[in-house]
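Right, one structure below, let's go through it.
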Amino acid sequence: MIVKVDDLTVRYQGILALDGISFEVDEGDFLGMIGPNGAGKSTLFDVMLGLNTGYKGIVEFFGSDIRKSRDYLGRIGYVPQNPVFERNFPATVRDVVQMGLKRGSDAGRIDGILQQLWIHELAGRRIGELSGGQQQRVFIAKALVNDPKVLILDEPVTGVDRQSTELFYSILSELNSVQGITIIWSSHDLDAVNRLANHVACLNQTLFFHGESERFFSDDKLVKQYSEASMQEHMHQH
Ligand code: ADP
């Protein structure tokens with residue numbers, strides 16, 4: 001078992017962000033986490049990454065309670081949602097990827113990873129000159145340098161063009177199916193989740209579905225319920 005979340009509840013002052021969430025992620029799973037804005041996805045990721053400790057319930061990684069030791073973080077790669085740099089930020093692509101390397105780790109892996117992510121030709125460029133999609137791949141590379149067992153990805157909603165998005169999806173697929181990396185991926189793209197993930201977690205303060213993605217996507221009622229919830233959210237914002 002890679003992750004076990006048991007009865008996780010998070011409140012911010014009066015606001016209930018997560019209410020009694022329980023789910024598990026097994027080795028090799030590709031979990032698509034879907035839910036409208038404000039559903040609690042970032043809150044859940046913050047807890048999993050040890051950034052929010054004010055929660056109730058139990059979160060385990062690799063069979064150990066994350067409150068007891070932070071060692072598990074060394075086996076997780078995290079790709080943030082909006083890694084946007086100023087144009088003149090003084091670091092190259094290679095610098096940024098290298099920053100992910102733990103002290104004493106093997107820097108020899110970097111070139112292979114740059115190639116795998118189609119950014120080897122950009123290695124000497126300033127990070128701020130790259131497009132959103134290219135920056136996203138740099139951050140995947142940075143997350144991969146320590147050979148993680150799990151990748152946690154917060155998908156950007158904007159700033160990445162269609163072609164880069166498709167390349168991103170094929171890279172995720174390959175990391176999961178060829179390298180056996182367990183993936184936990186928050187996404188707004190239902191079609192892509194249907195195509196790529198083998199499990200779905202549908203979050204909206206509570207977990208209203210968690211299971212095999214086939215079961216979710218073959219149940220029109222569930223998909224409709226999810227779509228209506230996110231549509232309402234969308235309308236609130238406009
Ligand atoms: P998502 O990532 O799915 O958009 P979040 O985890 O960011 O959802 O937010 C869940 C709920 O918690 C929302 O109602 C949000 O307004 C609230 N929230 C998130 N962070 C804070 C915070 N630091 N203080 C107060 N409320 C917060």
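Counting convention: from 1, in listed order, for ligands and their atoms alike.
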Check: Considering S42, S186, G38, which one's heavy-atom position lies nearest to atom 10 (C) of ligand 1?
Finding: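 Nearest heavy atom to atom 10 (C) of ligand 1 lies in G38.
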Logged contact type for P36 with ligand 1, heavy-atom cut-off 4.0 Å, is backbone
Between A17 and ligand 1, does any nitrogen or oxygen pair lie at a separation below 3.5 Å?
no
* Backbone or side-chain N or O of N37 under 3.5 Å from ligand 1 N or O -> no
Any donor-acceptor N or O pair under 3.5 Å, side chains Y226, N204:
no
| field | Residue pair D154 / S186, side-chain donor-acceptor N/O under 3.5 Å | value |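 Indeed, the side chains of D154 and S186 share at least one donor-acceptor pair under 3.5 Å.
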Considering heavy atoms of the protein only, find what lies nearest to [atom] and give residue, atom and distance to 0.1 Å.
atom	result
atom 27 (C) of ligand 1	Y12 CD1, 3.2 Å
atom 6 (O) of ligand 1	T43 OG1, 2.5 Å
atom 8 (O) of ligand 1	G40 N, 3.0 Å
atom 16 (O) of ligand 1	I15 CD1, 4.9 Å

Check: Ring centroid separation for W185 and Y169, is it under 6.0 angstrom?
Finding: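 Between W185 and Y169, the centre distance is under 6.0 Å.
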Can we call the ring centroids of F209 and F216 under 6.0 Å apart?
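F209 vs F216: aromatic centres under 6.0 Å.
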Practice task
State, yes or no, whether a side-chain contact exists between D111 and R94 at a heavy-atom distance under 4.5 Å.
Solution key: yes
I'd like to check F208 versus Q225 (side-chain heavy atoms, cut-off strictly below 4.5 Å). Are they in contact? yes
| task | Evaluate side chain to side chain donor-acceptor pair (under 3.5 Å) for Q116 paired with E174, printing each intermediate quantity in order. | result | CA-CA 10 Å; Q116 187 185 6; E174 184 181 299; 3.2 Å; yes
If we number the atoms of ligand 1 from 1 as shown, the ones under 4.0 Å from a heavy atom of A39 are 1 (P), 3 (O), 8 (O)
